[in-house]
Amino acid sequence: MKRILSMLIAVMMLFMFAACDDSTAVPALDQRDVAEVNTEMTAFLKDFVSVHNKVANSNDGKADYVGADKITEAVSTISDMYVNLGAAENVTSVTLLGHEYAEDDDAMAVSIGMNVFYREKAWKMEDGNLMVNKAALLFSILAGTSVEVNGMEYDGYAVISAETKPLSAKDVKYGDAALIVEDGVYTVKCTDSTTLLSYDYDDSAAGDLVYVVTKENDAVTGISILTKDAADFGTYPVPYKQPLENTDKTLVKEYTVLDSTAAYKGTFTLNVHVTATAAAGTEG
């Protein structure tokens with residue numbers, strides 16, 4: 001009798017483990033044709049970068065955050081800031097840029113010039129479809145991070161079909177001071193938050209358009225767009241117009257360069273070790 005009871009318990013446990021095994025779980029996303037999404041996102045790649053310095057800062061030069069309405073007003077060729085990734089049910093999270101977002105979470109803010117940032121929900125549901133923030137998806141693709149829905153990865157998204165062309169950074173300066181690269185790294189000792197780190201790169205030309213992904217310890221910490229003709233072409237190593245805080249970090253900045261027609265031109269990377277010291281009495 002004991003043997004029979006033991007066998008029955010073992011069978012029941014087997015069924016319980018089988019029921020808990022999520023390897024047969026139905027995916028949350030019925031993925032829309034990837035080629036269609038890529039066509040839409042490639043057009044967005046060409047359009048979105050042109051919003052650089054087109055949205056006025058209404059916060060006295062301090063960080064100003066805007067929604068999709070400001071982007072579509074500034075660039076007439078952008079009609080919608082979300083892309084349909086497919087029919088979906090029971091979506092609880094979408095991972096972009098290495099960050100997991102719930103439905104009410106804003107995506108990482110994009111610096112679009114003049115200390116203005118585009119920031120809006122990472123994703124939303126619309127008529128049973130998963131609508132994903134185009135800027136967040138675009139930068140996730142450029143950064144080489146995965147696109148996941150409920151933790152399940154979806155592959156195939158791309159915005160550049162050309163073979164990668166390496167470029168090299170050159171003429172790197174902090175303000176007027178030229179910086180020397182050592183072991184592939186430029187060191188910047190920040191004296192304030194309004195001095196620009198500027199640079200050039202191979203084959204640069206007026207009209208170039210640039211996407212920038214900033215990483216720290218392999219994690220994406222910032223995303224931005226630039227235009228080569230802008231007087232502020234470059235980066236501020238610490239938050240602009242903010243009091244200096246004690247800082248000691250190495251940033252990896254990855255640049256995707258398009259020409260004036262928005263055709264792919266090349267990529268380069270800038271490794272920057274940033275240090276700063278807070279003024280007396282500003283920390284604590």
Side-chain angles (χ1 to χ4, degrees), residues 49 51-67 70-71 74 97 99 106-120 135 139 143 169-182 184-201 204 208-256 268-284:
V49 69
V51 80
H52 182 250
N53 280 356
K54 295 277 180 34
V55 179
N57 186 303
S58 58
N59 193 29
D60 195 28
K62 297 178 181 178
D64 191 14
Y65 295 88
V66 300
K70 294 294 185 180
I71 306 299
L97 290 160
H99 297 262
D106 285 334
M108 183 178 294
V110 186
S111 174
I112 60 174
M114 298 192 291
N115 212 18
V116 178
F117 298 81
Y118 165 64
R119 184 174 66 186
E120 204 159 44
F139 276 101
K170 58 184 182 182
D171 299 332
V172 181
K173 298 179 180 178
Y174 180 61
D176 294 326
L179 300 181
I180 305 299
V181 63
E182 294 184 9
V185 179
Y186 293 91
T187 297
V188 180
K189 184 176 181 181
C190 295
T191 54
D192 56 60
S193 62
T194 58
T195 298
L196 187 71
L197 175 68
S198 61
Y199 40 81
D200 201 355
Y201 52 88
S204 66
D208 283 353
L209 309 166
V210 184
Y211 283 96
V212 190
V213 173
T214 301
K215 297 179 180 179
E216 184 179 352
N217 297 325
D218 293 326
V220 178
T221 56
I223 49 180
S224 57
I225 55 177
L226 298 172
T227 48
K228 187 66 173 67
D229 295 342
D232 60 349
F233 181 78
T235 184
Y236 293 98
V238 293
Y240 184 71
K241 282 195 172 182
Q242 295 297 310
L244 285 182
E245 296 181 350
N246 289 331
T247 304
D248 188 347
K249 61 186 178 181
T250 298
L251 303 177
V252 178
K253 302 185 75 67
E254 301 171 349
Y255 298 79
T256 300
F268 70 96
T269 299
L270 198 64
N271 299 305
V272 185
H273 181 209
V274 179
T275 63
T277 302
T282 61
E283 283 216 335

Participant: So L226 and H52, do their side chains get closer than 4.5 Å, heavy atoms only?
Facilitator: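 Yes, at least one pair of side-chain atoms sits under 4.5 Å.
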Participant: Is it true that the side chains of N115 and Y236 contain a donor and an acceptor less than 3.5 Å apart?
Facilitator: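 There is no such pair (donor and acceptor under 3.5 Å, judged by atom type) between the side chains of N115 and Y236.
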Participant: Indicate whether any N or O donor in one side chain lies under 3.5 Å from an N or O acceptor in the other, for S58 and D64.
Facilitator: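 S58 vs D64: donor-acceptor pair found between side chains.
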Participant: Kindly indicate whether the side chain of N271, heavy atoms from C-beta on, has any atom under 4.5 Å from the side chain of Y186.
Facilitator: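 No, too far: nothing below the 4.5 Å cut-off.
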Participant: Within the structure provided, determine whether V212 and I225 are in side-chain contact (heavy-atom separation under 4.5 Å).
Facilitator: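 They are not in side-chain contact.
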Participant: V116 versus V66: any side-chain heavy-atom pair under 4.5 Å?
Facilitator: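 In contact.
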Participant: Would you indicate whether the side-chain heavy atoms of K228 and D200 approach each other to under 4.5 Å?
Facilitator: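 Side chain of D200 against side chain of K228, heavy atoms only: contact under 4.5 Å found.
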Participant: Checking side-chain contact (heavy atoms from CB on, under 4.5 Å) against V172, which of V188, V272, L197, V181 comes through?
Facilitator: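 By the side-chain contact (heavy atoms from CB on, under 4.5 Å) criterion, V172 pairs with just one of V188, V272, L197, V181: L197.
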Participant: Got V213 and K215 here, is their nearest side-chain heavy-atom distance under 4.5 Å?
Facilitator: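 When only atoms from C-beta onward are counted, K215 and V213 do touch, with a gap below 4.5 Å.
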Participant: Compute whether any side-chain donor of one residue and acceptor of the other, for K253 and T214, lie under 3.5 angstrom apart.
Facilitator: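 T214 and K253 do have a side-chain donor-acceptor pair below 3.5 Å.
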Participant: Using side-chain heavy atoms (C-beta onward) and a distance below 4.5 Å, is V49 in contact with Y211?
Facilitator: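 Yes; the side chains approach each other to less than 4.5 Å.
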Participant: Working note: S193 + Y240, criterion side chain to side chain contact (heavy atoms under 4.5 Å, CB included); need CA distance, chi angles, decisive distance, verdict.
Facilitator: CA-CA 5 Å; S193 62; Y240 184 71; 5.8 Å; no
Participant: Check whether any side-chain heavy atom of V274 sits under 4.5 Å from a side-chain heavy atom of L251, and report yes or no.
Facilitator: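 Contact flag for V274/L251 side chains = yes.
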Participant: Please walk me through it: do T250 and H273 pass side-chain hydrogen bond (donor to acceptor under 3.5 Å, both in side chains)?
Facilitator: CA-CA 4 Å; T250 298; H273 181 209; 4.5 Å; no
Participant: Look at the rings of Y199 and Y255 and say which category their plane angle falls in: under 30° parallel, 30 to 60° tilted, over 60° perpendicular.
Facilitator: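 Ring orientation of Y199 relative to Y255: perpendicular.
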